[in-house]
2 protein chains.
Amino acid sequence: MVEELPLAQRPLAELPLDSIIMQDCVSAMRALPAKSVDMIFADPPYNLQLGGDLSRPDGSHVDAVTDDWDKFDSLAAYDKFTREWLTEARRILKDDGAIWVIGSYHNIFKVGSAIQDLGYWILNDVVWRKSNPMPNFKGTRFTNAHETLIWASMGEKARYTFNYRSMKTLNDELQMRSDWEFPVCGGQERLKRGGVKVHPTQKPEALIYRILLACTKPGDVVLDPFFGTGTTGAVAKRLGRRWIGIEREADYCSAAIERIEAALPLDESALKTMQSPKAAPRVAFGTIVENGMLVAGAVLTDAKRRYRVTVRADGSVMSGDTTGSIHKLGSVLQGAPACNGWTFWHYETPEGLKPIDDLRQTYLLATQI
Amino acid sequence: MVEELPLAQRPLAELPLDSIIMQDCVSAMRALPAKSVDMIFADPPYNLQLGGDLSRPDGSHVDAVTDDWDKFDSLAAYDKFTREWLTEARRILKDDGAIWVIGSYHNIFKVGSAIQDLGYWILNDVVWRKSNPMPNFKGTRFTNAHETLIWASMGEKARYTFNYRSMKTLNDELQMRSDWEFPVCGGQERLKRGGVKVHPTQKPEALIYRILLACTKPGDVVLDPFFGTGTTGAVAKRLGRRWIGIEREADYCSAAIERIEAALPLDESALKTMQSPKAAPRVAFGTIVENGMLVAGAVLTDAKRRYRVTVRADGSVMSGDTTGSIHKLGSVLQGAPACNGWTFWHYETPEGLKPIDDLRQTYLLATQI
DNA sequence: ATTTTTCCTGAATCGGCAA
DNA sequence: GTTGCCGATTCAGGAAAAA
């Protein structure tokens, strides 16, 4: 007779994959098996503690985060809450798993301090620089133009996943730095119901995309204990990762389900939804993929269709078992010392082949001026 | 007979201005009078916890921070140390003073958490983006390309200095954001003795310059409890601020003294231009009427001609049976909590509508000088 | 249909002073 | 401590409206 396996060895199949647990974050995590997920991405309440109303110089009203879920009785209460969920997160993570947490100065120091105290090992802090932050209307402080993310492994000696090459390719053959620029979530990407935003703090997909691409492998299980409207689930689906969401609010859950079901390989409409840095004069091919202008799996050929490569999620391309940047594959396949991949490679359109440089131009036009 | 003043009221003259206290940070601070300094800038040990030696891909050796002053027995010991010096800092600061602390992910979460626990009120966290960071030689993480600064006042309701106009001017007439880009300290600025850098973590003067310019007034006293080679002193001198340094190591002290003596203060005129345009003398709207620049009975409208009021002889304005100041009517008619009547209300000219603020400027030009 | 202008909004710990 | 008045204060980008 087969004995019941101890909790820590329960098979992964018992995880409620690709679904939302509509429940309180901590109690839902307690029901999950130990050492069972590869990554946790968490966007916990920030505990903003806002004062009175705020108006813009033109008199219009600022729509602030006033939801109950962001209210805590005290700093100590927030600290306690933070340590509770981080403790459960640690139990659920595999030994070679990792955690990402995003926050602002209101809460990130409490989060980071708890992460260190609980035995996690911080690998990087990453800064999300907002290209279009809300200004400081009263002129009393610096424009709060960034948020902070913490990436930590299970311990000083623990292993973790980091797809170094993917990041370097995504960043046009330069090491990816700890400061990332993205616009805030708006436009078509922002979920709305009756013209009103569904969630006050929806995160941009491009941000989660980069995190999952950097720190998970295809098929990995990603848990988001503060699922909200399911950005993590939508990106995970897009990138071929499994996901589990925990979310208390029924409204957010229904919006998330609808959204993730609709998530598809991106089409042209995505161009409008996820704009990206406008500063960089250089555009990495990875940025084109990250923004959905080309999807992973797309096939590129040269103008005469003699060579063909397949686009991968990190902005590299592949031919047989050779992989590399668009420039490298162009030179290798031709046997040439160098190649400008932007003009060499083409993609199929209803009007025929077009150089991928057109996409770069479109991207630049959309993001510059 | 005059009784000895309590510690909290000791005259400022007792502060060891523009000098270095060569002593342990906490004990030196204990000897300073309470509520006596305007700002503290602190660059405490980062508690880096480095493993073995690190080499570059070319085999060369990376000169890491291995000094004793950066070693702590445990995370708890670092935490205790942090709370000790932050507590003393709080005692020494004036009620309307402020503190800046710089750190990396190794220590900044502990620092920020302690700052919040001790009753300081965080105003911003600021990211120093390094334009030329050291790469991640092993390709195991993101390039650690930034450090974090925390700016905090003495409490939620405490006042603090922020030279908004100076920052906006410095940033090409756009609000200064919370992410600042500077190169790391090198070249001529980097202090060396016999070709060897004197201090492993010397900060760029441009960074301190911006902080002092933003958050102190000329003549303010700035204390740096981890003085090192005296960047804070050199910048304070240049900007016409007073400084106090605390530094344990004699080598750093001598280098700092030499450096600060060589630093040239900006002359007064240069300082003036960087200060905010000293709040222009206030002009009552009534003065404009009194001088005939607008006559009683004149009609003012907003830029879109949605609202209109009539000017009265005493400088009040009227709409229907509502009367009051230009500001009050602006807010009442719009239903807004506040309104700057000078920019909201316009008067008719042959060239079209013009804000009445133009009249104020004309009046100021005519009466000043 | 195309270009120009206006409008709207985003995790925000967002006054100072005198009576 | 409270109230009330004076008057200082916004950037980027997408979408809708107007020309």
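Given the structure is predicted, the values throughout are model-derived calculations rather than measurements. Here is how names work: the chains are called A, B, and so on, in the same order as the sequence lines, proteins then strands, and each is numbered from 1.
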request  = Sort out for me which residue in B:V101, B:I150, B:L93 forms a side-chain contact (heavy atoms from CB on, under 4.5 Å) with B:Y120.
outcome  = B:L93
message = Any residue in residues 339-348 of chain B with a heavy atom nearer than 4.0 angstrom to DNA chain D? Just list them by number, or reply none.
response = B:C339, B:N340
inquiry  = Suppose we call a contact any N or O donor and acceptor under 3.5 Å apart; does that hold for the side chain of A:K203 and the base of C:dA11?
reply    = yes
task = Please name all residues satisfying ring-ring contact (aromatic ring centres under 6.0 Å, His included) with B:W100, sequence neighbours left out, ordered by chain then number.
result = B:W151, B:W180
Span that lies between the C1' atom of D:dT10 and that of C:dG10, in whole angstrom = 12 Å
key: Atom P, compared across D:dT9 and C:dA11: separation rounded to whole Å   = 25 Å
remark   = Here the distance between atom C1' of D:dT10 and atom NE2 of A:H61, to the nearest Å, is 16 Å
query = Under 4.0 Å: is that the gap between some side-chain N or O of B:S325 and OP1 or OP2 of D:dC6?
reply = yes
remark   = With the side chain defined as heavy atoms from C-beta on, A:H106 is closest, among D:dT10, C:dA11, C:dA12, to C:dA12
query = Under 4.0 Å between a side-chain N or O of B:K328 and OP1 or OP2 of D:dG7?
reply = no
ask   = What string of B, S and - do you get for nucleotides 14-19 of chain C, 5' to 3', if B is base contact, S is sugar-phosphate-only contact and - is no contact with any protein heavy atom under 4.0 Å?
value = BS-S--
Cationic N near anionic O, under 4.0 Å, A:D179 to A:R177 = yes
inquiry  = Does D:dC6 have OP1 or OP2 under 4.0 Å away from a side-chain N or O of B:H327?
reply    = no
message = Counting C-beta onward and ignoring hydrogens, is there a side-chain heavy-atom pair between B:T148 and B:W128 closer than 4.5 Å?
response = no
remark   = Of C:dA11, C:dG10, D:dT10, the nucleotide closest to the side chain of B:Q175 is D:dT10
ask   = Please, which pairs that meet salt bridge (Lys or Arg N to Asp or Glu O under 4.0 Å) have at least one residue in residues 54-81 of chain A, sequence neighbours excluded?
value = A:D63-A:K197, A:D79-A:R83, A:D79-A:K110, A:K80-A:E84
N/O donor-acceptor pairs under 3.5 Å from side chains in residues 223-232 of chain A, not counting sequence neighbours:
unit_1: A:D224; atom_1: OD1; unit_2: A:F226; atom_2: N; d: 2.9
unit_1: A:D224; atom_1: OD2; unit_2: A:T232; atom_2: OG1; d: 2.6
unit_1: A:T231; atom_1: OG1; unit_2: A:R259; atom_2: NH1; d: 3.1
unit_1: A:T231; atom_1: OG1; unit_2: A:R259; atom_2: NH2; d: 3.4

query = Any side-chain N or O of B:R177 less than 4.0 Å from the OP1 or OP2 oxygen of D:dT10?
reply = no
task = Side chain of A:V62 only, please: which of C:dA11, C:dA12, D:dT9 is the nearest?
result = C:dA12
request  = Name all residues meeting the ring-ring contact (aromatic ring centres under 6.0 Å, His included) criterion together with B:H346; count only those two or more places apart in sequence or in a different chain, and write none if there are none.
outcome  = none
I'd like a table of atom pairs between the protein and nucleotides 17-19 of chain D - only N or O on both sides, under 3.5 Å - with the distance next to each one.
none

key: OP1 or OP2 of D:dA8 under 4.0 Å from side-chain N/O of B:R360   = yes
query = Closest to the A:N144 side chain: D:dC11, C:dA12, C:dA11?
reply = C:dA12
side-chain hydrogen bond (donor to acceptor under 3.5 Å, both in side chains) partners for A:S104, two or more places apart = A:H106
request  = Determine the contact category for A:S104: base if any of its heavy atoms lies under 4.0 Å from a base atom, sugar-phosphate if only primed atoms, P, OP1 or OP2 are that close, otherwise nothing.
outcome  = nothing
ask   = Under 4.5 Å between any side-chain heavy atoms of A:N136 and B:F162, yes or no?
value = no
task = Using the side-chain contact (heavy atoms from CB on, under 4.5 Å) rule, pick out the option among A:I115, A:I122, A:V111 that qualifies with B:F109.
result = A:I122
Whole-Å C1' distance, D:dG1 and C:dG16 = 16 Å
request  = Enumerate the residue pairs fulfilling salt bridge (Lys or Arg N to Asp or Glu O under 4.0 Å) with a member in residues 146-159 of chain B, sequence neighbours excluded, ordered by first and then second residue.
outcome  = B:K130-B:E147
inquiry  = I need the NZ-C1' distance between A:K130 and D:dT10, as an integer number of Å.
reply    = 16 Å
note = So side-chain hydrogen bond (donor to acceptor under 3.5 Å, both in side chains) across residues 319-332 of chain B, not counting sequence neighbours, yields none
task = Classify the side-chain pair A:Y78/A:N107 by whether it contains a donor and acceptor separated by less than 3.5 Å.
result = yes
inquiry  = Would you measure the distance from the P atom in C:dC14 across to the matching atom in D:dG7 and give it in whole Å?
reply    = 23 Å
message = Strictly below 4.0 Å, N to O, side chains only: are B:R129 and A:E181 in salt-bridge contact?
response = no
query = Can you name the side-chain hydrogen bond (donor to acceptor under 3.5 Å, both in side chains) partners of B:S178, sequence neighbours left out?
reply = A:H146
Range-with-range stems of DNA chain C (Watson-Crick or G-U pairs under 3.5 Å, three or more in a row) = C:2-10 with D:11-19, C:15-19 with D:2-6
